[in-house]
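What follows is a short report on a single structure.
Whatever order the structure lists them in is the order used to number ligands and atoms, beginning at 1. As a basis for the values below, the full set of heavy atoms in this structure was taken, side chains included, without hydrogen atoms, waters or symmetry mates.
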Amino acid sequence: MTTPTPRTWRLDDHDGTAARQTLVLAATGDRLPQCVYWGDPLPPDANLTTLAAAHAIDVTGGMLDENPDLSLCPEAARTFPGQPGLILRTRDGTPILPRFLYVSDDRNGDALDLRYADADHGLRLTFRFATDPSTHIVTARTILDADAPVHLHWLAAPVLPAPQLSDEMIDVSGRWCGEFQLNRTPWSPGIRYRENRTGRTGHEHFPGLLVPCRGATNTRGEAYAFHYGWSGGHRMIAEELPDGRRQIQWGHAARMETHAATRFETATLHATYSRTGLNGCAVAFQRHVRDRIVDWPDRSRPRPVHYNCWEAVYFDHRLPVLKDIASRAADLGAERFVLDDGWFGQRDDDTRSLSDWTVDPRKYPDGLGPLIDHVHGCGMTFGLWFEPEMVNPDSDIHRAHPDWALGAADQTLGRQQKALDMGNPRVRDFIHARMAAILGAHDIDYVKWDHNRVLPMPDADQTRGSYALIDRLRRDFPGVEIESCASGGGRIDFGIMARTHRVWLSDSNDALERLRIQHDAALFLPLAVTGSHVGPRRCHTSGRVLDIRFRAWVAAQRHMGFEMDPRELTEDEARVLRDVTAWWKRNRGWMTGADILRLDSADPAVLAEQQMARDGGRFVVFAGKAATSAQIAPRPLRLTALDPDATYRIELANRADAPALSRGTPLLKDGPVDLPGTWLMHHGIVLPWTYPDSMWVVEGHRL
Ligand code: DGJ
């Protein structure tokens, strides 16, 4: 029997010089293709037909006569021994078991479309791939078209294999004030299944996955990574089949489409392969978010230092106090003042007024103008808090239109509020009109966009409605930047990042907790979008009292801001904060475009990262001491991604912070030291002893 030549395609992400990965897709006859190779770049002349044949695994007793393909959309009707990539029914509820066959393919530069159809069921399936030679992210989507409306239960973005030389996978969970917790799960036969049915990305369900190959660390080894860019709740299946093959599926949470329709589309799956450890994946995501996904109103504008008044005044808005705070914040170095919750309706606490987006005349008898003028007079721009998709039952709008709320009348409230029905265009028009009235009447360059409860049920229309509203406001106010907040980091994903410019990573302004959250979030997020504020001396969410130096340096690791009441600062605290802020402003130009590389710290008490300029000419290392070390002296900290043959001048930016208990004379305490890249990467830098809850900051320049 002769086997027909398989159709094959390859995707390379090289820009002529530095290819990083190749994907090879190959199809058995006219069937759906499968990924037969994903990893280090293949030679340009590799014979893909041979690769496809070489990929096939053997058959023994107890197996089918042929192994069903692990295709881009595994089909139940082809005896696939795992989860299918598509589950749907006709309008009357009859299951459909499609078998797709090749129609056409289209290549356009870095993009590849593959089209398949099932004529018997009137279905068409399109896979849309693109590679990015600069960020090294592969993007992929699946689109389903049907002649007659069908009910969708599950549609996976193009299904990719997971490596077999991998012992575990790392996915992400979290909670309020504890975002980005990494979970390591060993591979075993069967499924690791994550499904988020809250209707919001959620603290609990960041849609990301890392699959390190055996022995990979932050800085070395091979790793694969995935992110699903959707804010309405996702489903991830990481499955090991009985024959050992492994598949990764991503899509919207199941049964999220509430109506039969003729077109369904997944969100974009972002995937990458790295041979420089988890950092290779992290840097790919960081660059892709900053350089491809975020639509900056003005890319050249430096990220301004924020002041946010939430933890200073909460709902107690008094104009003279806010003006005083604004003046002090500007004196410390703030460049944007954000007026948080409490300025509208009768919002004296969180029980009322959401959706009544008119300025509270009791607090602002002359409107927001006087405060905004004062803020501008201090040299800062002005930002304003909204929670557009929400309504309190105690609000004018809920009283007038109770049917505008999503979900049952007797639903359980969250923070005393309901979600508005964003699928309803009248609701969107109303919110748009109210927000546009405020944004149009004032010089406002920033909106903090909050979302403080989960939905009563998952509903894709809700997410599409939110996206449509944000898109419309952005068209009308193109100069306004938006921060995605949801009780801190409850709505962080690349879908929302395509419409916003900053994330409020966590409601925890506790620098110790932030240090860890930022470290893990850097697997996906760059500095440019990651808000980080210097909180009050006694943290409001943990009760911890932390030194201003530690609080300031942790905020300076990302997009810096302040959130404490500046009236609480001692002179010394204000001086430290001014100095660190000035340091951040001097460095933000290159740091905003830098790669954040997590270091392999020999001491588990030290969480360290190296922010590396794109041209390799300079870096800064932040070594945060998150606990007391087990051993008595600091272990050397190995750097990464340096030129082994170059010499670097390294210097402690804050060596004056060494405590008296650091009694020795490690070289860095005295001033700059010139060391070879090889030494820095293989021996590591020797830092002075220091207290827990403190940070060493080491600047490096290539000589
Ligand atoms: C939750 C946010 O995460 C906080 O920063 C603050 O904006 C409050 N909402 C306001 O209600």
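Under 4.0 Å is where a charged nitrogen must lie from a carboxylate oxygen, and between Glu573 and Arg328 no such pair does. Salt bridge present: Arg491 and Glu389 bring a charged side-chain N and a carboxylate O closer than 4.0 Å. Comment: Asp295 engages Arg474 in a salt bridge, judged by a side-chain N to carboxylate O separation of less than 4.0 angstrom. Ion pairing between Arg399 and Asp396 holds under the 4.0 Å rule for side-chain N and carboxylate O. A salt bridge does not link Asp579 to Arg549: none of the charged side-chain nitrogens sits closer than 4.0 Å to a carboxylate oxygen.
Here is the list of ligand 1 atoms found below 4.0 Å of a heavy atom in Cys485: 2 (C), 3 (O). With ligand atoms numbered from 1 in the order given, ligand 1 contributes 1 (C), 3 (O) to contacts under 4.0 Å with heavy atoms of Ser487. Those atoms of ligand 1 with a heavy atom of Lys448 less than 4.0 angstrom away are 4 (C), 5 (O), 6 (C), 7 (O). Contact atoms of ligand 1 toward Trp504: 3 (O), 5 (O) (distance under 4.0 Å to a heavy atom of the residue). Each of the atoms 10 (C), 11 (O) of ligand 1 lies under 4.0 Å from some heavy atom of Asp341. Atoms of ligand 1 found under 4.0 Å from any heavy atom of Gly488 (numbered from 1 in listed order, with element): 3 (O).
The proximity of Asn452 to ligand 1, defined as any non-hydrogen pair under 4.0 Å, is limited to the side chain. No part of Glu311 comes within 4.0 Å of ligand 1, judged by heavy-atom distances.
Nearest to atom 4 (C) of ligand 1 among the protein's heavy atoms is Asp507 OD1, 3.5 Å. In terms of protein heavy-atom proximity, atom 6 (C) of ligand 1 is nearest to Asp340 OD1, 3.4 Å.
Not a single N or O atom of Phe315, backbone or side chain, sits closer than 3.5 Å to an N or O atom of ligand 1. In terms of N/O distances under 3.5 Å, ligand 1 is approached by Asp450.
Between Ser487 and Asp507 the shortest heavy-atom distance is C-OD2, 3.5 Å. Contact between Val289 and Phe524 at its shortest, heavy atoms only, is CG2-O, 3.9 Å.
With ring centers used as reference points, His442 lies 6.0 Å or more from Phe382.
The closest approach between a heavy atom of Glu483 and any atom of ligand 1 is not below 4.0 Å.
Within the 4.5 Å cutoff, side-chain heavy atoms of His559 are placed close to those of Pro304.
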